[in-house]
S.K.: 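Quick one: the structure is below, and I'll ask about it shortly.
Predicted model, so just to flag it, every value in this text is computed and none were measured. The sequence lines fix the lettering, A, B, ..., with proteins before strands; numbering per chain opens at 1.
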Protein chains: 2
Amino acid sequence: MRIEAAQGGEPISVLDLPGMILEPPSRGPVARDVARRAGVSTATVSRVLNGSAGVRADKREAVMRAAQDLGFVANGAARALSTRRFMAVGAVVPNIENEAFVRVLSSFQERLRQAGYTLVAANAGYDLDDELREATFLLERGVDGLMLVGDIHHPDLHARIASTGIPMVQTFSLSQQRPCVGFDNAASAARAANYLMDLGHRRIGVISGLRKDNDRGGARVIGIAQALAARGLSLAPEHDIEISYGIGGGRDGFRQMLAGGPPPTAIICGTDQIAFGAMIEARARGLAIPGDLSVVGHNDSDFAPFLDPPLTTIRIHSAEIGHAAGDHLIARIQGKPVVRLTEIDAELILRASTAPPR
Amino acid sequence: MRIEAAQGGEPISVLDLPGMILEPPSRGPVARDVARRAGVSTATVSRVLNGSAGVRADKREAVMRAAQDLGFVANGAARALSTRRFMAVGAVVPNIENEAFVRVLSSFQERLRQAGYTLVAANAGYDLDDELREATFLLERGVDGLMLVGDIHHPDLHARIASTGIPMVQTFSLSQQRPCVGFDNAASAARAANYLMDLGHRRIGVISGLRKDNDRGGARVIGIAQALAARGLSLAPEHDIEISYGIGGGRDGFRQMLAGGPPPTAIICGTDQIAFGAMIEARARGLAIPGDLSVVGHNDSDFAPFLDPPLTTIRIHSAEIGHAAGDHLIARIQGKPVVRLTEIDAELILRASTAPPR
DNA sequence: TGGCTATCTGAAAGCGCTTTCAAAAAACGC
DNA sequence: GCGTTTTTTGAAAGCGCTTTCAGATAGCCA
């Protein structure tokens, strides 16, 4: 790592840098300056800049020009204070680096942006206390709406949101009580299990990410167990593995599973990364896929179709979830009617990593 | 997709939902309410809530309790207006779904968060006009600092930032003029080229992402071309491929390259995804890696060590870049001295996808 | 041109917090 | 116990914008 001062000397003081302010950051020109320059009042400046009708063309232009000349940038805080709308929406996701959440955030933001809102995203790290802290942080910032993931939260969270009066929407899983956009995690995982059973598999294993405080992960395993039970089978404890996310986690998980006794003929993994890791480990052990082991993933990541063999996976329509959540929240903020529950079904994508057992 | 109304009827009106407000969203209790309840003035409330010294313990507690009881959440806009600090920092990245940028944003946010700042991230989509628009949007929101990626921007962007007087930092590439945290893209790519030449390769190809308005991608190709030239070799036009990002892009890119004439014995790819795609295509054509083709990627993505063979790649220390950029900006915001340029070297990670040519 | 209506415009009052400044209270010294 | 010093406290003045409301202008018709 190289750290270099400006002219080969010691670190430059911040004072030497352009655009550097110390105390009360004196931001640029304000509406009053524009008004003076255009020979009107601040009221008119406001009207022009907000596009409200009823300003004579000549004044309008004078204001526009003055604002342009001065490089005027309105002070968002003042505007927010005055209008009592921040034009910002918050989102707290378990892991901001997780592909599925990134895709949701991205499409969510797309919609917000179109409606003139800013997205402020925060990371909860699969910890309820952290989630509460981050959400509170956003509420203090004054967001006009809030997106959360899942149904399990800190007991105080909903009260705190309610006390600010802003709308929230839950994503990724469905809820009986709250507005939500998501899918039935148990049902979609069960669908995968049923598919595997239809192929003839009897010993099916699960490798999921951490399930603590994670209703999605938990629901998936429950869904699978129920689907098995419905056909008189069961999920053996040694075939029910919980690991941390990632390719490495998948390898470890499958290794653990093999250590537990007779291997399953098929596994369902919590993410495609986990599935990838499990496939690597399986191959290292000389197991053929799908001959000796069928593998199902979750998410339909970019690389899933390119694995060898291409991975059968449950595709979560992240972009649609993000769009729907964004539309929902904006409608609520704008006081329009909305539906409480939007289900966006996950879909089982069949590829070559699954086949009947030998 | 299922859209379900609350009780099997038509969509519920927003009015039926809890936490729903129409006109001037009347947010919860304000400082005045807390003051009244605690029997003090708003000045004291402010002092307590901001932890400033000089408030008697009993009053402090009364205020705390009142705030707690009321579920008071301070209005960030009012605070920002008053302190003239928004406690938010903006970042505009080319693609918010790109792994490298996500990692930088994540570590950047980590630092901001520790200092009490909020990250507001926006997406420029590799388009200069969009970048200007998003940056302006953030400036209007009142961010206290701004992080940008790369050295190529809309001609008006720097003027606009300067007119607000907030500090900015550029990441991923170095700059002669502006504060920056990054690395020398040309040099690190050249290092990969030299390594390949040291192995004995003479025909080296490049598959990069789109290079328009992307100084990093461009610099890398230039660095490679210069390294080749320094040893009397050259980058053949048919071995210089530009494609859109992604695994599919990598496959297409390598296919194009093969169509252009005699294949190179080694390629350097703009991302690991591209490298992955190229490897798939190479294998489909019966080329052995690294026997017939050595492959180098960029970024050291999660999956790079798990490819078959494990991918040699240029690791970009995204987390460090994000941390350094965050620290830099916070220091500037707080008026502390900073260094203008921080170089965080990319590193060539040797794995099994590279070997001497046959 | 005068009278009346329809448009425009600006003064002023907030929005909810921070912060200064002076007054009030507490602590101290003798 | 009284004057003085040190803490605490509250009143009030912003921060920069939006928005109401009433007054000023312009437009229209006879």
S.K.: So, does A:T44 get its side chain near the phosphate of C:dG10, meaning an N or O under 4.0 Å from OP1 or OP2?
M.R.: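 Checking A:T44 against C:dG10: at least one side-chain N or O falls below 4.0 Å of OP1 or OP2.
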S.K.: Please say whether the positively charged group of B:R111, taken as NZ for Lys or CZ for Arg, lies over the ring of B:F108, i.e. under 6.0 angstrom from the six-membered ring centre and within 45 degrees of the axis.
M.R.: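 Output no; distance or angle outside limits.
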S.K.: Is any side-chain heavy atom of B:F101 closer than 4.5 Å to a side-chain heavy atom of B:F172?
M.R.: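 Side-chain contact under 4.5 Å: yes.
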S.K.: Checking side-chain polar atoms at under 3.5 Å, does B:S173 have a donor or acceptor matched by the opposite partner on B:D151?
M.R.: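 No, B:D151 and B:S173 have no side-chain donor paired with an acceptor closer than 3.5 Å.
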S.K.: Quick check: on DNA chain D, is the nucleotide nearest B:S41 upstream (toward 5') of the one nearest B:S82, or the reverse? Name the residue that is more 5'.
M.R.: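 So the residue in question is B:S41.
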S.K.: For A:V45 and for B:T42, find the nucleotide of DNA chain D with the closest heavy atom, then tell me which residue's nucleotide is more 5'.
M.R.: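 Its nearest nucleotide lies further toward 5', so the answer is B:T42.
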S.K.: What integer distance in Å separates B:R141:CZ from D:dC17:C1'?
M.R.: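 Taking CZ of B:R141 and C1' of D:dC17, I get 14 Å after rounding.
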S.K.: Has B:R79 got a side-chain N or O lying under 4.0 Å from the OP1 or OP2 atom of C:dT18?
M.R.: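 Answer is yes, contact under 4.0 Å.
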S.K.: On the nucleotide D:dC15, are OP1 or OP2 found under 4.0 Å from the side-chain N or O atoms that B:R84 carries?
M.R.: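 No, outside the criterion.
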S.K.: Please report, rounded to the nearest Å, how far the P atom of C:dA11 is from the CZ atom of A:R36.
M.R.: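 Value for this atom pair: 12 Å.
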S.K.: Is the closest side-chain donor-acceptor distance between A:R141 and B:T118 under 3.5 Å?
M.R.: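 Yes.
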S.K.: Quick one: on DNA chain C, does B:L81 or B:R56 contact a more 5' nucleotide (nearest heavy atom)?
M.R.: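 Final value for this comparison: B:L81.
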S.K.: So B:K59 and B:V48, side chain to side chain contact (heavy atoms under 4.5 Å, CB included) or not? Walk me through it.
M.R.: CA-CA 9 Å; B:K59 300 234 169 193; B:V48 171; over 6 Å; no
S.K.: B:R47 has an atom CZ; how far is it from atom P of D:dT9, in whole Å?
M.R.: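 The answer, rounded to whole Å, is 8 Å.
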S.K.: Figure out the CG/C1' separation between A:L49 and C:dT9, and round it to whole Å.
M.R.: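 Result: 16 Å.
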S.K.: Roughly, in whole Å, what's the span from CD in A:E140 to P in C:dT18?
M.R.: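 Computing the A:E140:CD to C:dT18:P distance gives 10 Å.
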S.K.: Which part of the nucleic acid, if any, lies within contact of A:A31, taking any heavy atom under 4.0 Å across all strands shown: a base, the sugar-phosphate backbone alone, or nothing?
M.R.: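 Sugar-phosphate, no base atom in range.
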S.K.: What's the CZ-C1' distance between A:F86 and C:dC15, to the nearest Å?
M.R.: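 So the CZ-C1' distance, A:F86 to C:dC15, works out to 12 Å.
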S.K.: Rounded to the Å, how far apart are B:R60 CZ and D:dT8 P?
M.R.: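 Taking CZ of B:R60 and P of D:dT8, I get 10 Å after rounding.
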S.K.: Please pick, from C:dG10, C:dT18, D:dA11, the nucleotide with the shortest atom-to-atom distance to any side-chain atom of B:S46.
M.R.: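 Among the listed nucleotides, the one closest to the side chain of B:S46 is C:dT18.
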S.K.: Name the nucleic acid region contacted by A:A74, choosing base, sugar-phosphate or nothing; use a 4.0 angstrom heavy-atom cut-off, strictly under.
M.R.: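 Result for A:A74 = sugar-phosphate.
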S.K.: Between P on D:dT9 and CG on B:D58, what's the gap in Å once rounded to a whole number?
M.R.: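 Rounding to the nearest Å, CG of B:D58 and P of D:dT9 are 7 Å apart.
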S.K.: Check whether any side-chain nitrogen or oxygen of B:N50 sits under 4.0 Å from OP1 or OP2 of C:dT18, and answer yes or no.
M.R.: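 Yes, B:N50 has a side-chain N/O under 4.0 Å of OP1/OP2 on C:dT18.
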